[in-house]
S.K.: 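Starting off with a structure, shown below.
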Amino acid sequence: MVWQHPVNARDPVRYTPEQKEKTRRRILAAAERNFKRGGYSGVGVDGLAKEAGVTSGAFYGHFPSKQAAFEEAVVAGLGSLYAAIARYQREAGEDWWRAFAEFYTGEKRNCDLAESCALQSLTPEVARADPAVRARFENELRRIVQLASEGDDRQARQRTWARLAMLVGGVSLARAVQDESLADEIAAAIRDAVTALGER
């Protein structure tokens with residue numbers, strides 16, 4: 001059971017910096033799940049606070065607005081994608097794109113939408129967001145593409161853009177159809193196309 005302050009979540013006497021940071025991370029994780037599941041307009045501050053197990057006042061003690069929480073959720077979500085790519089590069093070596101595509105069109109397609117890839121679930125929301133959110137999204141996206149391209153080579157970047165677009169679009173299509181065999185067909189086509197794009 002998580003102990004919660006009975007009066008004021010912002011009280012500097014009762015809460016240590018470590019406790020405050022832990023609470024902030026919990027709120028951010030809840031926000032990311034909710035925004036992925038229902039979009040920006042699908043949940044309010046009260047809903048975000050409830051899922052995080054805190055009061056609305058505690059929410060505002062860590063984020064000045066829902067938009068601020070959304071911005072941080074976008075950055076955190078893309079940070080998870082960056083970490084996943086780095087892990088596959090380490091573990092799968094030169095064949096990492098194939099392994100990553102299998103993961104993305106498999107586990108990341110079939111998981112609950114709240115646990116989906118931020119690039120797939122939050123990009124449409126970012127497209128409707130204000131310039132500050134879009135700027136941070138763009139910065140994180142550039143980092144991901146540079147990592148996935150393993151350098152600044154223009155042709156490598158072009159292949160990376162194409163692969164990411166195929167994965168994100170393919171998973172979106174596969175999630176949208178009801179026929180599971182059709183969803184599998186879409187996923188397999190995207191997985192094969194992403195792999196073939198790297199063949200010389």
Side-chain angles (χ1 to χ4, degrees), residues 28 31-33 35-41 67 69-177 182-200:
L28 182 57
E32 187 179 343
R33 289 193 302 271
F35 290 135
K36 286 178 178 179
R37 184 189 300 119
Y40 183 80
S41 62
Q67 180 176 303
F70 176 68
E71 185 174 331
E72 292 303 320
V74 168
V75 172
L78 294 185
S80 296
L81 175 58
Y82 185 98
I85 290 174
R87 184 176 73 250
Y88 275 92
Q89 288 176 330
R90 289 193 306 271
E91 295 177 357
E94 293 184 0
D95 203 33
W96 78 267
W97 266 114
R98 178 189 297 274
F100 182 72
E102 289 176 354
F103 160 73
Y104 203 95
T105 58
E107 182 178 330
K108 279 299 174 183
R109 168 173 67 97
N110 295 311
C111 66
D112 186 87
L113 194 58
E115 305 300 327
S116 63
C117 173
L119 200 57
Q120 183 251 319
S121 55
L122 296 183
T123 296
E125 302 297 321
V126 173
R128 292 185 283 268
D130 70 14
V133 176
R134 294 177 67 185
R136 293 196 70 185
F137 174 87
E138 181 179 320
N139 288 338
E140 295 303 313
L141 186 59
R142 287 178 184 275
R143 288 180 65 239
I144 289 167
V145 170
Q146 183 172 22
L147 174 67
S149 303
E150 300 180 90
D152 291 319
D153 178 76
R154 186 171 183 274
Q155 289 186 333
R157 286 201 312 275
Q158 288 180 323
R159 289 193 297 272
T160 296
W161 286 122
R163 282 164 157 161
L164 288 177
M166 284 190 287
L167 288 171
V168 172
V171 167
S172 295
L173 287 175
R175 279 186 175 275
V177 301
L182 177 58
D184 289 341
E185 181 180 339
I186 294 169
I190 296 303
R191 185 168 58 247
D192 291 346
V194 167
T195 301
L197 192 59
E199 296 174 354
R200 296 294 195 275

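Note that the coordinates shown come from a computational prediction; the quantities given were computed from them, not determined experimentally. Nothing fancy with the numbering, it's 1 onward along the sequence.
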S.K.: At what distance, to the nearest 0.5 angstrom, does CG of Leu164 lie from CD1 of Ile85?
M.R.: 6.0 Å
S.K.: Testing the basics here: between Thr105 and Val171, what is the closest heavy-atom pair and its distance to 0.1 Å?
M.R.: CA-CG2, 4.3 Å
S.K.: List the atom of Arg175, the atom of Ser116, and the distance in Å for their closest heavy-atom pair.
M.R.: NH2-CB, 3.7 Å
S.K.: How close do Ala86 and Leu147 get, counting heavy atoms only, and between which atoms?
M.R.: N-CD2, 4.0 Å
S.K.: Can Leu122 and Phe70 be said to form a side-chain contact (heavy atoms from CB on, under 4.5 Å), step by step?
M.R.: CA-CA 10 Å; Leu122 296 183; Phe70 176 68; 4.3 Å; yes
S.K.: Judged by atom type as modelled, is there a donor-acceptor pair below 3.5 Å linking the side chain of Lys36 to the main-chain atoms of Ser121?
M.R.: no
S.K.: Taking CD in Gln158 as the centre, count heavy atoms belonging to other residues, nucleotides or ligands within less than 6.0 Å. Is the count above 12?
M.R.: yes
S.K.: CZ of Arg98 to CG of Asp192: how many Å apart, nearest 0.5 Å?
M.R.: 8.0 Å
S.K.: Is the ring pair Trp97/Phe100 parallel, tilted or perpendicular, if the boundaries are 30 and 60 degrees?
M.R.: perpendicular
S.K.: Looking at CD1 of Ile186 and CZ of Arg191, how far apart are the two atoms once the value is rounded to the nearest 0.5 Å?
M.R.: 12.0 Å
S.K.: Taking atom CZ as the centre, does Arg134 end up with more than 12 heavy-atom neighbours from other residues, nucleotides or ligands that are less than 6.0 angstrom away?
M.R.: no
S.K.: Which value, rounded to the nearest 0.5 Å, describes the distance between Ser80 atom OG and Leu119 atom CG?
M.R.: 12.0 Å
S.K.: Mind jotting down which residue pairs meet the salt bridge (Lys or Arg N to Asp or Glu O under 4.0 Å) criterion with at least one end in residues 105-116? Sequence neighbours excluded, please.
M.R.: Arg109-Glu180, Arg109-Asp184
S.K.: Have a look at Arg142 and tell me which of Glu138, Gln146, Glu140 forms a side chain to side chain donor-acceptor pair (under 3.5 Å) with it.
M.R.: Glu138
S.K.: Measure the acute angle between the ring planes of Phe35 and Tyr40, then classify it against the limits of 30° and 60° as parallel, tilted or perpendicular.
M.R.: parallel
S.K.: If you take all heavy atoms of Ala148 and Trp96, which pair is closest and at what distance?
M.R.: O-CZ2, 3.4 Å
S.K.: Show, in sequence, the C-alpha distance, side-chain angles and deciding distance for Leu167 and Phe103, and conclude whether the side-chain contact (heavy atoms from CB on, under 4.5 Å) test is met.
M.R.: CA-CA 10 Å; Leu167 288 171; Phe103 160 73; over 6 Å; no
S.K.: How close do Leu197 and Ala162 get, heavy atom to heavy atom, and via which atoms?
M.R.: CD2-CB, 3.7 Å
S.K.: Given side-chain contact (heavy atoms from CB on, under 4.5 Å), test Tyr88 with Asp95 step by step and report yes or no.
M.R.: CA-CA 9 Å; Tyr88 275 92; Asp95 203 33; over 6 Å; no
S.K.: Would you say the side-chain atoms of Glu150 pair up with the backbone N or O of Gln89, donor to acceptor, closer than 3.5 Å?
M.R.: no
S.K.: Kindly compute the distance separating CG (Leu78) from CG (Asn139), expressed to the nearest 0.5 Å.
M.R.: 10.5 Å
S.K.: Taking all heavy atoms of Arg163 and all of Thr195, pick out the closest pair and write down the distance.
M.R.: NH2-O, 4.3 Å
S.K.: How long is the straight-line distance from CD of Gln155 back to OG of Ser149, given to the nearest 0.5 Å?
M.R.: 11.5 Å
